Colleague: 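Starting off with a structure, shown below.
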Amino acid sequence: MAESKFKVLTNGIFKQNPIFIQVLGMCPTLATTTSAENGLGMGLATTAVLAMSNITISLVRNFIPDKIRIPSYIVIIASFVTMIDMLMHGFIYDLWKTLGLFIPLIVVNCIILGRAEAFASKNGVFRSFLDGLGMGLGFTASLVLLGSVREFLGNGSIFNYHLSDVKMFAMILPPGAFIALGMLAAFFNYLGIKRSKPKKAAK
Amino acid sequence: MREYLKTGITLMVITIIAALVLSVVYTVVKEPIANAELGAKLKAIREVLTDAETGELLIAAENIPETASELAEFEWFPAGFDSSEGIIYTATSSQGKVESPAYKFVKEDGSEIYVAIGIAVGYGGDVKSMAAFVSGPNGVSLNAIKVLEYSQETPGLGANIANAAVQQRFFPIASKGLDKGVRVDKDAGVTPSGDQIEIRKQEDGIVTVSDVMTGATITPRAVAFSLNAISEFLEKAGVR
């Protein structure tokens, strides 16, 4: 039986969270989460690309021959990323400057191609949109959480709001990204295992 | 054969549609992009043309450029420099370059102000800094700087160069300090504190940043290289 629309939307946020559960899109996750603000900007830009590419791929899914579906999806995704890049450059210049190279790199974020292949190419337009939106919001929430943890531990602030004088610089450097991501992934998986145990016991 | 043709044509149609859509979006955002870039540059020019000591504009407010055409009137190309590739000067004493064009403004008292953008490599990429140099009876001094490009620097470390409090450590610098070359305190091997911060900057060109940018030396060093490149360019142009 097909999942309800609400479940399609919330799957990406909790049950199939792309970062902590599916462990996808690690490159932008590790690179852009040096602060909560960067994580939010990157997450929202990715959400926009995910939702729009899912809609488009779902619309054209019956016209694209199987053999060229991957290059076609990449052309569609790259076009949306270029569009977002240009729009951010023109209308939110400061954030565009901060995120720099990471915006064009959304093209190679495997979450987007993964959802196109696994969901949008097999489902209707509205459900694909909800899937893209849910996955994007899950990705954004994860980046903001990871960025907040790293910014707080590394710089004593969250969203540039000063909270503490304790600064562990390693947390905003690459090793800190791996440490924080590992800790958070372990925590969320522990919660998932803990929740699934009573259900299994009930069966 | 027919199948190959079909897949080829399908892919071609997709790319043509993508190119058309992108060209439409580009046409729409072309102007906002140009405005955003120009706006950032004009804002920086206004900031560096503000007297670092009094907080007042060095030239009359109505003379500060507000459009691309107004800005073009202040472009300055000294003789003997090739600016065809967007770079008007590459420094020989430090690893810095000067972007083309440079700008020249004239104060009411007739003294000249030179504004240029210096480029040097930071931790992750180019760091661009705009600086205004003012000519006076005691030679040419640095009035103010504004770091324009630092997007590849590490947030929380090198990217702290964006903070106004950090940038203020670099200016003003008197002619005497510029002659010795701008250096960050770590490179100079000293750690001035209190009144010495200002004295060593003016006398020796030593900029103290180790207390406000702990753990990041490469980015402020890039700013120092940029300033030295502009200073050297002005010297070669016969201004200093």
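We name chains A, B, ... by the order of the sequence lines, and we start the count at 1 in each one. Predicted, not measured: the structure shown is a model, and the values here were computed from it.
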Colleague: Which pairs, with at least one residue in residues 31-50 of chain B and sequence neighbours excluded, count as a side chain to side chain donor-acceptor pair (under 3.5 Å)?
Modeller: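 Every pair satisfying side chain to side chain donor-acceptor pair (under 3.5 Å) with a residue in residues 31-50 of chain B: A:H89-B:E37, A:Y93-B:E37, B:K41-B:Y103.
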Colleague: Would B:E3 and B:K6 pass as an ion pair if we require N to O under 4.0 Å?
Modeller: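 No, B:E3 and B:K6 are not salt-bridged.
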Colleague: Would you say A:Q16's side chain and A:N11's backbone share a donor-acceptor pair under 3.5 angstrom?
Modeller: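 Judged by distance alone, no pair lies under 3.5 Å.
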Colleague: Determine the option with the most heavy-atom pairs under 4.5 angstrom with chain A, choosing from B:V29, B:V28, B:V25, B:L22.
Modeller: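 Greatest number of close heavy-atom pairs with chain A: B:L22.
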Colleague: Going by residue number, which parts of residues 55-70 of chain A are within reach of chain B, meaning a heavy-atom gap below 4.5 Å?
Modeller: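 Answer by number: A:F63, A:I64, A:P65, A:K67, A:I68.
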Colleague: Need one label for B:Y150: side chain, backbone, both or neither, based on atoms under 4.5 Å from any heavy atom in chain A.
Modeller: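 Contact with chain A is absent: no heavy atom of B:Y150 under 4.5 Å.
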Colleague: Distance alone, cut at 3.5 Å: any donor-acceptor contact between the side chains of A:N160 and A:E37?
Modeller: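 Yes, a side-chain donor-acceptor pair sits under 3.5 Å.
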Colleague: Any luck finding a side-chain donor-acceptor pair between A:N38 and A:T33 under 3.5 Å?
Modeller: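 No, no side-chain donor-acceptor contact under 3.5 Å.
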Colleague: Among the options A:S79, A:S157, A:P71, pick out the one with the most heavy-atom pairs lying under 4.5 Å from chain B.
Modeller: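 If we count pairs closer than 4.5 Å to chain B, A:S79 comes out on top.
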Colleague: Quick one: do B:D185 and B:S210 satisfy side chain to side chain donor-acceptor pair (under 3.5 Å)? Show the steps, please.
Modeller: CA-CA 7 Å; B:D185 50 348; B:S210 55; 2.5 Å; yes
Colleague: Quick check on ring pair (Phe, Tyr, Trp, His ring centres under 6.0 Å): which of B:W76, B:Y114, B:F77, B:F133 does B:F233 satisfy it with?
Modeller: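 The passing option is B:W76.
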